[in-house]
Amino acid sequence: MTAFHRRVIQAVRQIPPGRVATYGDIAVLAGHPRAWRAVGNIMRDCDEPGTPCHRVIGAGGALGGYGGSLHLKRELLRAEGIDVGMRRVRGFATLRWTGVKKAKSPSSRRR
DNA sequence: GCATTGACTAGGG
DNA sequence: GCCCTAGCCAATG
C-alpha cells in the first residue's frame, strides 16, 4: 500500500454514480498523469471495498477488463444507467467524468 | 536494484 | 474498423 495506491483508490471512489472515468483520468486525479499503467495494476489489486472499479474504463470507452468478468462489469455499468455496447460504452463522451466538476468555488484559485 | 508484467494509450498499417 | 508497435509508470518477483 503506497500513497499513490491510496490516492488512486480515492480518485475512483470520487467518481459519481452514472459516470465513468478512464484510467488516464484516474492517473491525473492521483497526481500522476502518466501513471495510467500503474492505475491498471492497482485496479487489479482493487482491495479497497466500496471502490467502483467498474466505473473505471479504458480510453475511447473501452471497458478494459474486470478480473476477466467483463460481463459483470457491463451489467454493473448498465445498472448505473450507462448504455454499454458489446465492448464499448455508448455516450462515453457524455458520461466521462474527468473529475473537473464546474468547481464553483468562491475563491477563483487560478494557478 | 534489475527485469518482467499489467484492468493502458496513441499512432500507423 | 481492426491489428500491431512503441512509450510509459508503478508494483511484483
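Residue numbers begin at 1 in each chain, while the letters A, B, ... track the order of the sequences.
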J.: Can you check whether A/Thr2 has a side-chain N or O nearer than 4.0 Å to OP1 or OP2 of C/dA11?
T.: yes

J.: By nearest heavy atom, map A/Val39 and A/Ile57 onto DNA chain B; which one lands nearer the 5' end?
T.: A/Val39

J.: What distance do A/Cys53 atom SG and A/Ile42 atom CD1 have between them, rounded to the nearest 0.5 Å?
T.: 12.5 Å

J.: Let's see if you can work this out: which of C/dC9, B/dA10, B/dA7 has an atom nearest to the side-chain heavy atoms of A/Met43?
T.: B/dA7

J.: Give the nucleotide from the list B/dA7, B/dT9, C/dA10 with an atom nearest to the side chain of A/Ala59.
T.: B/dT9

J.: In whole angstrom, give the distance that lies between atom CD1 of A/Ile42 and atom P of C/dC8.
T.: 19 Å

J.: Could you tell me which residues satisfy ring pair (Phe, Tyr, Trp, His ring centres under 6.0 Å) with A/Tyr66, sequence neighbours excluded, listed by chain and number?
T.: none

J.: Could you state the atom-to-atom distance from CZ of A/Arg7 to P of C/dA10 in whole Å?
T.: 13 Å

J.: Could you please name the option among B/dG6, B/dA10, C/dC9 that lies closest to any side-chain atom of A/Ala35?
T.: C/dC9

J.: Can a donor-acceptor pair be found, under 3.5 Å and without considering hydrogens, that links the side chain of A/Arg96 to the backbone of A/Arg19?
T.: no

J.: Nearest-Å distance, CZ (A/Arg44) to P (C/dA11)?
T.: 14 Å

J.: Just how far, in rounded Å, is P of C/dC2 from CE of A/Met86?
T.: 12 Å

J.: With a 4.5 Å limit on heavy-atom distance, are the side chains of A/Trp36 and A/Ile26 in contact?
T.: no

J.: In whole Å, what is the span from the CG atom of A/Asp45 to the P atom of C/dA10?
T.: 16 Å

J.: How close or far is atom C1' of B/dC8 from atom CH2 of A/Trp36, stated in whole angstroms?
T.: 6 Å

J.: Out of B/dA7, C/dC9, B/dT9, which has the shortest distance to the side chain of A/Arg37?
T.: C/dC9

J.: As a test of reading the structure: which of B/dA7, C/dC9, B/dA10 is closest to the side chain of A/Cys46, going by heavy atoms?
T.: B/dA7

J.: Separation of A/Phe4 atom CZ from B/dG6 atom P, in whole Å?
T.: 18 Å

J.: Are A/His5 and C/dA11 close enough that a side-chain N or O sits under 4.0 Å from OP1 or OP2?
T.: no

J.: Can you tell me how far CG of A/Leu63 sits from NE2 of A/His54, rounded to the nearest 0.5 angstrom?
T.: 11.5 Å

J.: To the nearest angstrom, how far is A/Tyr66 atom OH from B/dC8 atom C1'?
T.: 18 Å

